[in-house]
Number of protein chains: 2
Amino acid sequence: MNLIARIADERGLLRPKPIGPREFLPFNVILEGDCIEEMAKLPDKSVDMIFADPPYNLQLGGDLFRPEGGRVDAVDDDWDKFDSLTTYDAFTRAWLAEARRILKDDGTIWVIGSYHNIYRVGSLLQDADFWILNDIVWRKTNPMPNFRGTRFTNAHETLLWCAKNEGARYTFNYRAMKGLNDDLQMRSDWLMPICAGQERVKGANGAKAHPTQKPEALLYRILLACTKPGQVVLDPFFGTGTTGAVARRLGRRWIGIEREPAYVKVARERIAATLPLDESAMQTMADKREAPRVAFGVLVESGLVPPGTALTDAKRRWTATVRADGSIACATHAGSIHKVGAALQNAPSCNGWTFWHVAGGKLQVLDELRQQHLSALT
Amino acid sequence: MNLIARIADERGLLRPKPIGPREFLPFNVILEGDCIEEMAKLPDKSVDMIFADPPYNLQLGGDLFRPEGGRVDAVDDDWDKFDSLTTYDAFTRAWLAEARRILKDDGTIWVIGSYHNIYRVGSLLQDADFWILNDIVWRKTNPMPNFRGTRFTNAHETLLWCAKNEGARYTFNYRAMKGLNDDLQMRSDWLMPICAGQERVKGANGAKAHPTQKPEALLYRILLACTKPGQVVLDPFFGTGTTGAVARRLGRRWIGIEREPAYVKVARERIAATLPLDESAMQTMADKREAPRVAFGVLVESGLVPPGTALTDAKRRWTATVRADGSIACATHAGSIHKVGAALQNAPSCNGWTFWHVAGGKLQVLDELRQQHLSALT
DNA sequence: GTACCATATGAATCACAAT
DNA sequence: AATTGTGATTCATATGGTA
């Protein structure tokens, strides 16, 4: 059993005994040590926000290989291993209890997770009387695919944003969020790329320094939404220090807690390096305008082009029938509107939207229906 | 105190006593009554999928799950909230236990909820040994704005998709989902409008018949993804019968359970007016996994790929020769098309059907010859 | 300099039937 | 029950090399 799990296990629901005087709140520092022990040294009701990216308890099995043969570099670190859900719950309860004690009454807490752990965390947050204000979905523009075709692409992670109690006051910079979103209310689903390229912190060997580094854009939006300049943000699972880096950039104070010396070193150097406002990172802040891409299947699903509909081309040379999954079929071919169109014309490619028409007295090109669908959305 | 709350309260964690003989599984019917009582009458391991849209425990001053009924004054608020969550958990545990008993071992369950209840539900699903396959985010194109500007627009709901146990087999129509999404893997975030307009079932007074009617497009995607035609879907919180209507349209059988006579009446009329798709329209892209297997040796035997044929990969990096028994051999390896392909690439595995091509001017992939062989059989 | 192509990789609970 | 063989399976980006 790893250290965190053992500590949580031994303590169970009990609040740890005070270790230090808890008189002073340090800031802009990394506290090197176990997150629960280090939190125990901090004063009551002293921080304005907590951002926590705890272990997800992924429970992965054996190796996973990509179709082309490569092996997926999975998160197999000891810090993500727990004996059971019960152990994970005990650990979560323990660090949440400390977090709650340290948080000001008008502060908020953010926790990020995936389906592996977020339902445990959400339940325990509610049990501890935190009041969920929103759950936020981070939609990844570039998630790892499901290589074996066994499930839906796991393309998002979830963040929970909670006040300390029902009815508690809290900071929400509504205007700033609206500004970030073209003067529309910021929604609970955020589209952002995963952390890669230059932003991803690398070790000496060129390999990623941390397996689960979060994008700065994510922390940028969170800190901008829920803190004022000068306020103090605590991150009990500091890792490579994304929270600290963004807090510094935005003029917030920060406290990081991290157990692994290697991560601490990397984070210190990262934050110390003056971070100029990176233009490329900023671009991801502003919501990319959703590409108005529509899958033909969505028109089928929504009933605009029901399964069984007969399609034909402008000159009525070929016909095909729409099937339940949005594929179409004629006597000789089946597949997408584009593939079947290409195959029939013996062409390398084909734009099915302009090629196919709903058959009937007057032909209606699919592209027109796509426009209808799009305008209904807005 | 309402019926559901009373039943959950009285029974706690206990499985309800059998009420009926549980011999027959009815289908294409609405069972009018409490969901737990009605589920208790259904046989063990009898349904292929469960879709559940349970009450959300909105805590908007409602007394839905308050055991003692009467109005609670402000002093008791904390206790009331705790009590409400506990009671909601007991209710959830009770209906999940029945759902689990009824579900086939290779069946799956879907549950939809919002942040008010989904973390309770997700935790309890895991506690009951259900195995989360994905959490799905329904992104609403037209959510209700946050009028007071105090939070992010709550623009999504969450669905949990679970197998009965870790490692259990389950149905996932991968190709059909890919077809619905323009030949890209279907992701875990789904964009759909809320149910409105013509689709929204209205009462005699023109008002919406049900406060939380789900869009048919949502059920369409779920049923298409996780069931085969003819399989049985149970919806223990049937409401206006969206699950039944879509199941009928897609040629799936269904069982609805609904307590409110008004909803039952509306659902019956709605489903009766829904027409099933005809056989051909219901077709979807077939999963290759379900195609009959062909041994490569059979193609050799039949003369389609005679012994001595030279094979090569798409980039002509390696060559091999077909032998009389359907094995192939190169300078360094001999064995099945798969084994030799894997060995040459130094990969853990290889699909010989798509790796090897008949050498010559224009390469022809073996998979194409396999298709020829298969279609010649029919 | 540019266009094109090949390669690498990201919090992943990733097969199944026959023997 | 454990082993073995067949064979199904990937999207968006970033980076680096070649033409």
Side-chain angles (χ1 to χ4, degrees), chain A residues 53-77 79-82 85 112-118 138 140-158 193-200 202 206-208 210-215 237 239 280 284 291, chain B residues 106 126 130-135 162-163 165-170 172 174-175 178 181-188 287-291 293-297 315 326 335-339 341-342 347-356 366-367 370:
Chain A
D53 181 9
Y56 287 9
N57 188 25
L58 288 187
Q59 307 177 65
L60 302 180
D63 281 343
L64 176 64
F65 291 93
R66 302 162 185 272
E68 79 276 13
R71 190 179 141 276
V72 173
D73 183 16
V75 177
D76 55 0
D77 306 73
W79 50 252
D80 196 47
K81 292 194 167 61
F82 295 83
L85 281 182
I112 184 167
S114 67
Y115 67 84
H116 309 85
N117 71 322
I118 201 67
W138 167 26
K140 303 180 183 182
T141 55
N142 48 350
M144 180 154 56
N146 181 292
F147 294 117
R148 312 304 291 266
T150 56
R151 305 180 177 189
F152 299 97
T153 310
N154 186 12
H156 73 275
E157 294 189 21
T158 302
I194 59 177
C195 182
Q198 295 301 319
E199 188 187 321
R200 189 89 193 209
K202 308 291 198 305
K208 59 190 176 193
H210 192 285
T212 70
Q213 186 184 337
K214 296 296 175 288
F237 306 95
S280 68
T284 62
Chain B
D106 57 359
Q126 291 180 309
F130 285 104
W131 191 250
I132 301 178
L133 295 167
N134 280 114
D135 56 348
C162 308
N165 293 100
E166 177 179 3
R169 297 187 51 180
Y170 57 92
F172 179 55
Y174 177 73
R175 284 284 163 193
K178 209 168 163 172
N181 194 37
D182 267 4
D183 273 347
L184 289 177
Q185 283 194 345
M186 186 69 80
R187 297 168 42 114
S188 56
D287 269 286
K288 272 200 171 174
R289 290 182 253 260
E290 287 160 23
R293 292 196 169 195
V294 180
F296 179 62
K315 293 175 186 170
S336 73
I337 51 173
H338 314 295
K339 280 273 153 67
S349 69
C350 165
N351 183 344
W353 290 109
T354 51
F355 180 74
W356 291 109
L366 290 188
D367 194 44
R370 175 169 62 160

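Reminder, nothing fancy here: chain letters follow the sequence lines and each chain counts from 1. Basis for what follows: all heavy atoms, side chains included, without hydrogens, waters or symmetry-related copies.
For D/dG5, the base has no donor-acceptor partner in the side chain of B/Arg293 [N/O atoms by modelled type, under 3.5 angstrom]. For C/dT13, its base sits under 3.5 Å from the side chain of A/Arg151 at one donor and acceptor pair at least. In this model, a side-chain donor or acceptor of B/Ser349 finds a partner on the base of D/dA8 within 3.5 Å.
Between A/Leu58 atom CG and C/dC14 atom C1' there is a gap of 13 Å when expressed in whole angstrom units. As rounded to whole Å, 11 Å separates atom P of C/dC16 from atom CD of B/Glu290. Rounded to an integer number of Å, the gap from A/Ile194 CD1 to C/dA12 C1' is 13 Å. One atom, CD of A/Glu68, and another, P of D/dA8, lie 17 Å apart when rounded to the nearest Å. Between the CD atom of A/Gln59 and the C1' atom of C/dC14 there is a distance of 15 Å, rounded to whole Å. Distance, A/Lys140 NZ to C/dA12 P: 7 Å, rounded to whole Å. Between A/Arg66 atom CZ and D/dC11 atom C1' the separation is 11 Å, expressed in whole Å. Distance, B/Leu366 CG to D/dT6 P: 14 Å, rounded to whole Å.
If you check every strand for non-hydrogen atoms under 4.0 Å, A/Pro54 touches a base. Residue contacts for A/Lys214: at a heavy-atom cut-off of 4.0 Å it reaches a base atom on one of the strands shown. Counting non-hydrogen atoms under 4.0 angstrom, A/Asp53 reaches a base of the nucleic acid. Residue contacts for A/Thr212: at a heavy-atom cut-off of 4.0 Å it reaches a base atom on one of the strands shown. Heavy atoms of A/Gly206 sit nowhere under 4.0 angstrom from any nucleic acid atom. Nucleic acid contact class of A/Ala196 (heavy atoms, under 4.0 Å, all strands): none. Counting non-hydrogen atoms under 4.0 angstrom, B/Arg289 reaches the backbone sugars and phosphates but no base. Contacts of A/Phe65 with the nucleic acid, taken as non-hydrogen atoms under 4.0 Å apart, are absent. Contact annotation for A/Asn154: backbone-only contact, meaning every heavy-atom pair under 4.0 Å involves sugar-phosphate atoms and none involves a base.
The A/Asp80 side chain lies nearest to C/dA11 when the options are C/dT13, C/dA11, D/dA8.
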* To do: Show the numbers, then the answer: is there a side-chain hydrogen bond (donor to acceptor under 3.5 Å, both in side chains) between A/Tyr56 and A/Glu157?
  => CA-CA 11 Å; A/Tyr56 287 9; A/Glu157 294 189 21; 2.6 Å; yes
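Within the structure, a side-chain polar atom (N or O) of B/Arg175 is placed less than 4.0 Å from OP1 or OP2 of D/dT9.
D/dT9: glycosidic angle beyond 90° from 0, hence anti.
Here the side chain of A/Asn142 pairs a donor or acceptor atom with the backbone of A/Ile194 at under 3.5 angstrom.
Under the stacking definition used here (centres under 5.5 Å, planes under 30°), the residue B/Trp131 qualifies as stacked on the base of C/dT13.
A cation-pi contact, defined as under 6.0 Å to the ring centre and within 45° of the axis, links A/Lys140 to A/Trp138.
Considering CG of B/Leu366 and CZ of B/Phe355, their distance stands at 10.5 Å, rounded to 0.5 Å.
By the 4.5 Å heavy-atom criterion applied to side chains, A/Asn117 and A/Pro54 are counted as neighbours.
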